[in-house]
J.: 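This is the structure I want to talk about, given as structure tokens.
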Amino acid sequence: MSDEHILEEWHTDRRAYIRDHLVIAAVGAVATCLVLFWMGNADWWVGVIAAPAALAVRGVYLASEELAMIWQMTPQEVRGSQGKRVALSEIEKVRSLGSSVQLVTRGGDKHLMKYMSNPAAVKTAVARAAGVALP
């Protein structure tokens with residue numbers, strides 16, 4: 001990241017990361033159990049173990065990469081530590097999805113700022129800087 005003037009900086013939040021994985025694991029467990037039950041599988045209860053286990057493995061495996069993400073907003077762009085750059089002038093919509101904020105460009109590209117501790121504040125700051133009206 002350059003020395004350009006930083007208006008805002010957002011780091012991924014460990015609590016949001018864990019909370020999102022717990023929610024996805026719970027929904028996955030219920031969905032897996034239901035699908036196995038509807039298929040007539042006598043071992044439908046396996047979903048209670050399999051989905052959370054799979055999400056736990058995924059969460060541990062990706063934690064160091066996901067939690068190292070930093071997003072910065074300059075007067076010209078929003079940029080991520082992974083190399084993503086979105087010009088403020090190109091942002092058409094800003095949405096929040098759970099703990100994430102989605103930036104949609106005029107060209108239709110979508111960029112997801114995941115695991116934000118306060119997605120509403122991030123959404124408002126980016127929308128204000130980009131001159132985008134919030135719904």
J.: Report the distance from atom CG of D13 to atom CZ of R19, rounding to the nearest 0.5 Å.
T.: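 It is 7.0 Å, given to the nearest 0.5 Å.
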
J.: If you group Ile, Leu, Val, Met, Phe, Trp and Tyr whenever their side-chain heavy atoms sit less than 4.5 Å apart, what else falls in with V35?
T.: M39

J.: So, using salt bridge (charged side-chain N to carboxylate O under 4.0 Å, His left out) as the criterion, who are the partners of E92 when residues are at least two apart?
T.: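 Counting only residues at least two positions away or on another chain, E92 forms no salt bridge (charged side-chain N to carboxylate O under 4.0 Å, His left out).
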
J.: Just so I know, are the side chains of L103 and M113 near enough to count as touching, which here means a heavy-atom distance under 4.5 Å?
T.: yes

J.: How about M69 and K114: do any of their side-chain heavy atoms sit closer than 4.5 Å?
T.: no

J.: Tell me which donor-acceptor pairs under 3.5 Å the side chains of residues 121-135 have, and how far apart each pair is, sequence neighbours excluded?
T.:
from, atom 1, to, atom 2, distance (Å)
T124, OG1, A120, O, 2.9

J.: Is it the case that over 12 heavy atoms from other parts of the model lie below 6.0 angstrom from the NZ atom of K84?
T.: yes

J.: Do R106 and E90 sit within salt-bridge range, that is, some charged N less than 4.0 Å from a carboxylate O?
T.: no

J.: Pairs in or reaching into residues 100-133: which pass ring-ring contact (aromatic ring centres under 6.0 Å, His included), with residues at least two apart or in two chains?
T.: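 Non-adjacent pairs meeting ring-ring contact (aromatic ring centres under 6.0 Å, His included): Y17-Y115.
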
J.: Quick one: CD1 on I18 to CG on L67, what's the gap to the nearest 0.5 Å?
T.: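 It is 8.0 Å, given to the nearest 0.5 Å.
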
J.: For the CD atom of Q76 and the OG atom of S89, what is their distance to the nearest 0.5 Å?
T.: 9.5 Å

J.: Give me the one residue out of H11, E8, Q82 that meets side-chain contact (heavy atoms from CB on, under 4.5 Å) with W71.
T.: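 Output: one option passes, namely Q82.
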
J.: Compare all side-chain heavy atoms of T74 with those of R79 and state whether any distance is below 4.5 angstrom.
T.: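 When only atoms from C-beta onward are counted, R79 and T74 do touch, with a gap below 4.5 Å.
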
J.: Could you give me the CA-CA distance, side-chain angles and deciding distance for I91 and V104, then say whether side chain to side chain contact (heavy atoms under 4.5 Å, CB included) is met?
T.: CA-CA 6 Å; I91 296 175; V104 182; over 6 Å; no

J.: Cluster partners of L97, using ILVMFWY side-chain heavy atoms under 4.5 angstrom, listed by chain and number?
T.: L112

J.: Distance-only criterion, 3.5 Å: show the donor-acceptor pairs between side-chain atoms of residues 43-64 and protein atoms not counting sequence neighbours.
T.:
from, atom 1, to, atom 2, distance (Å)
R58, NH1, H21, NE2, 2.8

